[in-house]
Amino acid sequence: MFIGGSRVLFRSMVSIITREVKQGVVIYGAGSAGRQLAIGLASGAEYETVAFIDDDNAKQGSVIQGSQVIALSQLDDVLKNSNVKKVLLALPSASRQ
């Protein structure tokens, strides 16, 4: 137990020291495509989902994958209070234009 416990402790200390800060992103679209995108980003080491934006009033105020669903009008507040640099679109029905 001493050897195994010390290995776990050492590994956690190294991961805390070498942990990289993920860049925050906001996902526009809180439907199934947005959830799938958030799951994909969570498994990577580069991005972290800060919030979702959705036009549907029923979805606003809910929490998806630990992130709040907000209205588009609240985006300025999120951008001022976090390290968000990108807004990713998760709207499968929207055209590329």
Side-chain angles (χ1 to χ4, degrees):
M1 288 187 60
F2 177 72
I3 293 172
S6 63
R7 290 183 71 191
V8 170
L9 179 64
F10 182 74
R11 203 176 280 176
S12 66
M13 288 173 42
V14 169
S15 68
I16 289 171
I17 293 169
T18 62
R19 180 176 48 174
E20 295 179 17
V21 177
K22 293 184 176 185
Q23 182 181 5
V25 296
V26 173
I27 298 175
Y28 195 110
S32 62
R35 279 187 240 119
Q36 289 175 359
L37 178 58
I39 290 169
L41 292 175
S43 65
E46 191 173 350
Y47 298 110
E48 174 185 26
T49 304
V50 174
F52 288 88
I53 300 172
D54 204 281
D55 298 330
D56 186 2
N57 292 335
K59 292 180 183 176
Q60 294 172 4
S62 63
V63 177
I64 299 175
Q65 301 289 327
S67 300
Q68 184 83 21
V69 179
I70 61 170
L72 184 59
S73 61
Q74 297 172 303
L75 181 59
D76 286 336
D77 296 333
V78 171
L79 293 177
K80 289 177 186 175
N81 298 325
S82 62
N83 66 340
V84 173
K85 301 293 183 202
K86 296 181 181 185
V87 176
L88 303 177
L89 299 179
L91 303 170
S93 61
S95 67
R96 291 196 178 264
Q97 295 175 350

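As a basis for the values below, the full set of heavy atoms in this structure was taken, side chains included, without hydrogen atoms, waters or symmetry mates.
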Heavy atoms only: give me the nearest Val26-Val84 pair and the separation to one decimal.
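Closest heavy-atom pair between Val26 and Val84: CG2-CG1, 3.7 Å.
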Which pair of heavy atoms, one from Ala51 and one from Ile70, lies closest together, and at what distance?
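Smallest heavy-atom distance, with atoms named: CB-CD1, 4.4 Å.
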Do Leu89 and Val25 sit in one hydrophobic cluster, given that two such residues count as connected whenever their side-chain heavy atoms are within less than 4.5 Å of each other, even indirectly?
no
Same hydrophobic cluster for Tyr47 and Tyr28, using side-chain heavy-atom links shorter than 4.5 Å among ILVMFWY?
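Unlinked, Tyr47 and Tyr28 end up in two clusters.
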Can you tell which of Val78, Asn81, Leu79 makes a side-chain contact (heavy atoms from CB on, under 4.5 Å) with Val50?
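Going through the options one by one, the only one that passes is Val78.
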Above 12 or not: heavy atoms from other molecules or residues under 6.0 Å from CD1 of Ile3?
no
Spatial distance of atom [atom1] ([X]) from atom [atom2] ([Y]) [nearest 0.5 Å]:
| X | Y | atom1 | atom2 | answer |
| --- | --- | --- | --- | --- |
| Ser82 | Gln23 | OG | CD | 10.5 Å |
| Thr49 | Leu88 | OG1 | CG | 8.0 Å |
| Gln60 | Ile53 | CD | CD1 | 10.0 Å |

Partner set under side chain to side chain contact (heavy atoms under 4.5 Å, CB included) for [X], not counting sequence neighbours:
| X | value |
| --- | --- |
| Ala90 | Ile27, Ala33, Leu37 |
| Ala42 | none |
| Asp56 | Asp54, Ala58, Lys59 |

Go through Val63 and Phe52 one step at a time and tell me if the side-chain contact (heavy atoms from CB on, under 4.5 Å) criterion holds.
CA-CA 9 Å; Val63 177; Phe52 288 88; over 6 Å; no
Is Glu46 reaching over with its side chain to a backbone N or O of Lys22, donor-acceptor style, under 3.5 angstrom?
no
